[in-house]
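Worth saying up front: this structure is predicted, and the values here are computed from it rather than measured. We name chains A, B, ... by the order of the sequence lines, and we start the count at 1 in each one.
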There are 2 protein chains.
Amino acid sequence: MDQGAARDQVLDAAEELFYGRGIQAVGMDDIRSLSGVSLKRLYQLFATKDRLVEAYLERRDLSWRRRLADHVEACDDPEGRIIAVFDWLERWFAEPGFRGCAWINSFGELGATSATVATQARRHKQAFRSYLETLAAEADLPRELAGQLLLLAEGAMVTAGILGAPETAAQARTAAGLLVESARRARRAAPAE
Amino acid sequence: MDQGAARDQVLDAAEELFYGRGIQAVGMDDIRSLSGVSLKRLYQLFATKDRLVEAYLERRDLSWRRRLADHVEACDDPEGRIIAVFDWLERWFAEPGFRGCAWINSFGELGATSATVATQARRHKQAFRSYLETLAAEADLPRELAGQLLLLAEGAMVTAGILGAPETAAQARTAAGLLVESARRARRAAPAE
DNA sequence: TGACGTAGAGAACCAGCGTTCTCTAGGGTA
DNA sequence: TACCCTAGAGAACGCTGGTTCTCTACGTCA
């Protein structure tokens with residue numbers, strides 16, 4: 001097994017375990033067992049557990065945002081793309097093993113004691129906010145709308161994670177539609193802004 | 001020092017430390033140091049750390065909801081009470097040491113491994129949702145509105161906790177106002193529902 | 001005053017875990 | 001075949017932290 005494949009297997013195992021059980025509940029030995037990569041190799045790839053956690057969050061950030069963007073960009077209508085964000089959330093919440101947002105969870109667990117985790121969480125949420133701002137701009141809607149949509153999406157992730165209510169995403173989508181409509185109406189009333 | 005006073009001091013210390021650093025980052029010895037209550041007494045009051053965590057979350061649930069209700073009920077107008085929820089959030093977010101929602105954080109940390117924590121978090125969020133439903137009913141607004149308000153409030157807590165943006169609560173309040181307005185408009189269009 | 005019960009301080013015990021070390025086996029090369 | 005390098009398995013090490021134990025001191029009651 002070459003370096004790259006080992007790295008992938010380690011990160012696959014890390015993602016499954018860290019996301020599913022929490023970071024502190026998973027030992028390096030668990031990672032080793034699930035990945036089949038020896039401890040020696042594991043420590044050659046990631047010098048400390050902290051580095052592994054960082055790599056896990058970074059890789060997941062890329063794939064999470066990629067999956068979201070792939071779904072959203074299948075829609076041509078700019079306002080439809082905003083709503084599509086919430087469609088994708090609904091799909092995500094229904095995936096087996098869904099346990100809330102990885103960054104919200106890690107931040108709750110280690111935000112106060114690990115600068116690495118706090119930074120990753122902030123970065124991820126900022127990137128998500130920027131993405132919503134882009135979508136709002138493309139629909140010619142004001143930037144404040146993006147902030148409001150962010151709150152709805154974050155609230156939906158938390159609520160779906162804790163209460164496990166599958167209808168949460170649909171509620172968020174309805175609310176998002178109403179806020180988009182309000183923003184559109186405001187634009188019409190004062191088009192030059 | 002009598003039993004009751006010792007219990008209060010332990011819970012005060014637990015709240016400060018668990019909320020500020022996370023549950024797993026705090027040892028029983030830290031609780032003992034800060035509270036000034038000996039380990040022996042501590043274990044007489046709470047047989048295990050898990051019990052102490054449960055008592056911490058229970059007591060905080062009562063005081064959190066009490067503080068919210070006290071602020072909200074100072075307002076006479078039913079729709080104003082809904083908006084007052086977000087005023088109170090803004091005030092809370094600005095408190096020194098604010099670090100997000102204790103239940104979201106504990107759930108992220110231990111939701112997957114501790115039934116106690118998962119239950120407490122669910123109970124707290126359900127109670128908050130019920131409260132919002134009460135406020136919506138008093139304003140003669142539909143129950144779905146409460147679900148939407150819950151998402152905004154949860155999203156604001158998470159975003160304020162991670163990004164530390166103090167304007168988050170104001171954004172949520174604005175969005176809440178728009179959703180209340182939409183609900184009112186819908187009611188006017190179909191009053192009998 | 002003397003025996004007793006209680007409470008606190010802190011050591012002790014034990015398990016878990018991050019990290020490192022040792023030993024061994026296998027494979028490639030002269 | 002003999003040597004050497006590498007990698008893996010798993011033991012070892014050191015630390016932390018939950019929980020319990022021991023020892024001492026003090027206050028109480030006969």
Side-chain angles (χ1 to χ4, degrees), chain A residues 1-57 105-106 108-118 120, chain B residues 1-57 105-106 109-117 120:
Chain A
M1 175 171 28
D2 73 341
Q3 202 79 340
R7 194 184 150 89
D8 287 347
Q9 278 181 245
V10 169
L11 286 173
D12 288 347
E15 182 152 6
E16 179 173 339
L17 295 174
F18 287 155
Y19 178 71
R21 299 191 205 156
I23 292 169
Q24 295 178 91
V26 173
M28 293 300 269
D29 233 57
D30 299 318
I31 305 277
R32 165 194 132 153
S33 302
L34 186 61
S35 67
V37 171
S38 73
L39 273 187
K40 192 178 222 169
R41 195 96 102 101
L42 216 172
Y43 275 95
Q44 279 167 2
L45 291 163
F46 305 97
T48 62
K49 186 182 182 183
D50 192 64
R51 294 290 200 87
L52 175 58
V53 169
E54 187 173 23
Y56 145 62
L57 290 173
N105 290 347
S106 340
E109 185 173 357
L110 292 166
T113 52
S114 157
T116 303
V117 168
Q120 289 296 319
Chain B
M1 177 171 24
D2 74 341
Q3 203 80 338
R7 195 183 148 89
D8 287 346
Q9 279 181 242
V10 169
L11 286 174
D12 288 345
E15 182 153 4
E16 179 174 337
L17 295 174
F18 287 155
Y19 178 71
R21 299 191 207 156
I23 292 168
Q24 295 178 92
V26 172
M28 293 299 268
D29 233 58
D30 299 319
I31 305 275
R32 165 193 131 153
S33 301
L34 186 60
S35 67
V37 171
S38 73
L39 273 187
K40 191 177 225 169
R41 195 97 101 100
L42 217 171
Y43 275 94
Q44 279 167 2
L45 290 163
F46 304 97
T48 63
K49 186 182 181 183
D50 192 63
R51 294 292 199 85
L52 175 58
V53 168
E54 187 173 24
Y56 145 62
L57 290 173
N105 290 346
S106 343
E109 186 173 356
L110 292 166
T113 53
S114 157
T116 304
V117 167
Q120 289 296 321

I'd like to check A/Val37 versus A/Ile31 (side-chain heavy atoms, cut-off strictly below 4.5 Å). Are they in contact?
no
Decide yes or no for A/Glu54 and A/Phe46: does some side-chain heavy atom of the first lie under 4.5 Å from some side-chain heavy atom of the second?
no
Side chain to side chain, B/Leu39 and B/Asp29, heavy atoms closer than 4.5 Å:
yes
Ignoring hydrogens and geometry, is there a side-chain-to-backbone donor-acceptor pair from B/Asp8 to B/Ala5 under 3.5 Å?
no
With each end axis built from five pairs of C1' atoms, what bend angle do you get for the helix from C/dT1-D/dA30 to C/dA30-D/dT1? Round to 10°.
30°
Does the side chain of A/Leu45 come within less than 4.5 Å of A/Gln3's, by heavy atoms?
yes
So which atom in A/Ser114 and which in A/Asp50 form the shortest heavy-atom distance, rounded to 0.1 Å?
OG-OD1, 3.9 Å
Is there a donor-acceptor contact under 3.5 Å from the side chain of A/Gln9 to the main chain of A/Gly36?
no
What's the CZ-P distance between B/Arg32 and C/dA11, to the nearest Å?
9 Å
Is a side-chain donor or acceptor of A/Glu109 paired with a backbone partner of A/Ile23 at a separation under 3.5 angstrom?
yes
Over all heavy atoms of both residues, which pair between A/Leu17 and A/Val26 is shortest? Give the atoms and the distance, please.
O-CG2, 3.5 Å
So which protein N/O to nucleotides 16-19 of chain D N/O distances come out below 3.5 Å?
unit_1 : atom_1 : unit_2  : atom_2 : d
D/dG18 : OP1    : B/Val26 : O      : 3.3
D/dG18 : OP1    : B/Lys49 : NZ     : 2.7
D/dG18 : OP2    : B/Met28 : N      : 2.6
D/dT19 : OP2    : B/Tyr43 : OH     : 3.1
D/dT19 : OP2    : B/Lys49 : N      : 3.0

Report yes if the side chains of A/Thr48 and A/Val53 come closer than 4.5 Å at any heavy-atom pair, otherwise no.
no
Integer-rounded Å distance: D/dG10 C1' and A/Leu42 CG
14 Å
Restricting to nitrogen or oxygen on both sides, can you table the protein-nucleotides 6-8 of chain D pairs closer than 3.5 Å?
unit_1 : atom_1 : unit_2  : atom_2 : d
D/dG8  : OP2    : A/Ser38 : OG     : 3.2
D/dG8  : O6     : A/Lys40 : NZ     : 3.1

